[in-house]
Amino acid sequence: MKIISYNVNGIRSASTKNFFGWLQATNADMVCLQEVKALPVQIPEIIALIEQLGYHHYWFPAEKKGYSGVAILTRIKPNHVEYGCGEEWIDREGRILRADFNDFSLMSLYMPSGSSGEERQAKKYAFMSFFDVYIGNLRKEFPNLIVSGDYNICHTAIDIHNPKSNANSSGFLPEEREWMQLFLDNGFIDTFRYFNKDPHHYTWWSFRAGSRGKNLGWRIDYHLATHPMEARLKNVKILPDAVHSDHCPVLLELV
């Protein structure tokens, strides 16, 4: 089974860059999208393409148009889809969507960025605190859980191109990195690092200064899986040659 997570930075923008031709070639079974930046009613042509490719599709957009929003595309119809998390301000921003299947549950996550200033960084910390409790409770009901998406956090120094100069940057702050470590310690596997311990593997690059061409990036997109899923982990690959966004997709393969 192939599961892709991809922050597309606008599904309409990505679709103009042959996103759907690329998606068809991947033959993915499930796709978690972040930053879709669209309501389904705004994109009938895109919806038609998704259905032609054989996907059921579920959307949880933000209230604010052209902002945030997550989606799940899946060739296997879920038993249940949970829209949001019940926390009003988070759900208004369209950040959490979960699909439950017979043998596991899959969540598409878009964690807030704090890079625009102190107010949004405070919101990010509030999200992190809420998410800890939320996921802790969710795992009791759904022990086989994969949380895929844009966490907006680099975990360790090998996950960012210049850790020293970014030590005070949102996304690599000590508090954020500590949170990620505790989240993993509480029962999740960073599936990419499970297979690959090497540096210089990134999933996001700034548009500035030719960062992508120089591979000056950050690894902020993850498939985190609970420990009961460990036996099903087959491989994880970052796919930097997919250039529909300032992020690139991450492919998780399960047995």
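- Geometric assessment of R219 against the ring of Y202 yields a negative cation-pi assignment under the 6.0 Å and 45° thresholds.
- For Q24, the CD atom is loosely surrounded, since the number of other residues' heavy atoms within 6.0 Å does not exceed 12.
- Checked options L33, D29, T26; the residue passing with I4 is T26 (criterion: side-chain contact (heavy atoms from CB on, under 4.5 Å)).
- One finds the CZ atom of F172 at 12.0 Å from the CE atom of M180 (value rounded to the nearest 0.5 Å).
- Residues V41 and W59 have side chains not in contact (no heavy-atom distance under 4.5 Å, counting atoms from C-beta outward).
- If you chain together hydrophobic residues whose side chains sit under 4.5 Å apart, I153 and L109 fall into the same group.
- Smallest separation of non-hydrogen atoms from V255 and A231: CG2-O, 3.6 Å.
- Of the possible donor and acceptor atoms, one in the side chain of R193 sits under 3.5 Å from a partner among the backbone N and O of N196.
- A side-chain donor-acceptor contact under 3.5 Å links H244 and Y6.
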Any chance you could lay out the side-chain contact (heavy atoms from CB on, under 4.5 Å) test for Q121 and L173, step after step, and finish with the verdict? CA-CA 10 Å; Q121 187 65 38; L173 296 172; 3.7 Å; yes
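- Between L39 and A62 the shortest heavy-atom distance is CD2-O, 4.3 Å.
- In terms of modelled atom types and a separation under 3.5 Å, the side chain of N186 and the main chain of G136 share no donor-acceptor contact.
- Clustering ILVMFWY residues whenever any of their side-chain heavy atoms sit less than 4.5 angstrom apart, transitively, puts L233 in a cluster other than the one holding L224.
- Using a 4.5 Å heavy-atom threshold, the side chains of F192 and L252 count as separate.
- Here the side chain of N7 pairs no donor or acceptor atom with the backbone of G149 at under 3.5 angstrom.
- Using modelled atom types, one side-chain atom of R75 and one backbone atom of L53 make a donor-acceptor pair closer than 3.5 Å.
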Give the C-alpha distance, both sets of side-chain angles, the deciding distance and a yes or no for side-chain contact (heavy atoms from CB on, under 4.5 Å) between L97 and Y110. CA-CA 9 Å; L97 177 66; Y110 179 40; over 6 Å; no
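- Using modelled atom types, no side-chain atom of E35 and backbone atom of N9 make a donor-acceptor pair closer than 3.5 Å.
- Under the 30°/60° scheme for interplanar angles, the aromatic rings of W179 and F131 are found to be tilted.
- Counting heavy atoms of neighbouring residues, nucleotides and ligands inside a 6.0 Å radius, atom CG of N168 does not exceed 12 of them.
- Here the closest non-hydrogen pair linking F60 and I96 is CD2-O, 3.4 Å.
- Separating the SG atom in C32 from the CG atom in D221 is a distance of 11.5 Å, to the nearest 0.5 Å.
- Exactly one of I3, D190, T191, L251 qualifies for a side-chain contact (heavy atoms from CB on, under 4.5 Å) with V236. That residue is T191.
- Counting non-hydrogen atoms of neighbouring residues, nucleotides and ligands closer than 6.0 angstrom, the NZ atom of K197 exceeds 12 such neighbours.
- The distance from the CD1 atom of I72 to the NE2 atom of H57 is 13.0 Å, given to the nearest 0.5 Å.
- For S105 (side chain) and L145 (main-chain N/O), no donor-acceptor pair under 3.5 Å exists by modelled atom type.
- Under the 4.5 Å side-chain heavy-atom criterion for ILVMFWY residues, a single connected hydrophobic cluster contains both I238 and F195.
- The closest donor-acceptor contact from the side chain of R98 to the backbone of L106 lies at 3.5 Å or more, if one exists at all.
- K214 contributes atom NZ, which lies 15.0 Å from atom CH2 of W205 (distance to the nearest 0.5 angstrom).
- Taking both residues in full, the closest heavy atoms of Y55 and A28 are given as OH-O, 2.6 Å, listed atom of the first, atom of the second, then distance.
- Between the CD atom in E51 and the NE2 atom in H56 there is a gap of 10.0 Å [rounded to 0.5 Å].
- A salt bridge links R92 with E88; the closest basic N to acidic carboxylate O contact falls under 4.0 Å.
- Nearest approach of M229 to N144, heavy atoms of both residues: SD-CB, 3.5 Å.
- Once rounded to the nearest 0.5 Å, the distance linking CG of L49 with CD1 of I11 reads 9.5 Å.
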Give the intermediate values and the outcome of side-chain contact (heavy atoms from CB on, under 4.5 Å) for residues K65 and Q42. CA-CA 10 Å; K65 289 184 178 180; Q42 295 175 308; 4.0 Å; yes
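- Taking the side chain as every heavy atom from C-beta outward, Y222 and V250 never approach each other to under 4.5 Å.
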Derivation of the side-chain contact (heavy atoms from CB on, under 4.5 Å) call for H227 and I189: CA-CA 6 Å; H227 283 284; I189 299 165; 3.7 Å; yes
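- At least one donor-acceptor pair closer than 3.5 Å links the side chain of N152 to the backbone N or O of M111.
- L184 is listed as a side-chain neighbour of H155, based on a closest heavy-atom distance under 4.5 Å.
- The shortest distance between side-chain heavy atoms of R120 and S113 does not fall below 4.5 Å.
- No side-chain donor-acceptor contact under 3.5 Å links T156 and Q181.
- Side-chain contact between N137 and V133: present, with at least one pair of heavy atoms (C-beta onward) separated by less than 4.5 Å.
- For the pair Y67 and K37, the minimum side-chain heavy-atom distance is 4.5 Å or more.
- By the 4.5 Å heavy-atom criterion applied to side chains, I135 and M107 are counted as neighbours.
- A continuous path of Ile, Leu, Val, Met, Phe, Trp and Tyr side chains, each step under 4.5 Å between heavy atoms, connects V70 with V81, placing both in one hydrophobic cluster.
- Within the 3.5 Å criterion, the main-chain N or O of R208 finds a donor-acceptor partner in the side chain of S211.
- Connection of W22 to L73 is established within a shared hydrophobic cluster, with ILVMFWY side chains joined at heavy-atom distances below 4.5 Å, either directly or through further cluster members.
- In this structure, the ring of F101 has its center less than 6.0 angstrom from the ring center of F104.
- V243 approaches K17 most closely through the heavy-atom pair O-CD, 4.1 Å.
- A salt bridge is defined here as a Lys NZ or Arg NE, NH1 or NH2 lying under 4.0 Å from an Asp or Glu carboxylate O, and K124 with E176 meets this definition.
- If you check the side chains of S148 and H223, you find a donor sitting under 3.5 Å from an acceptor.
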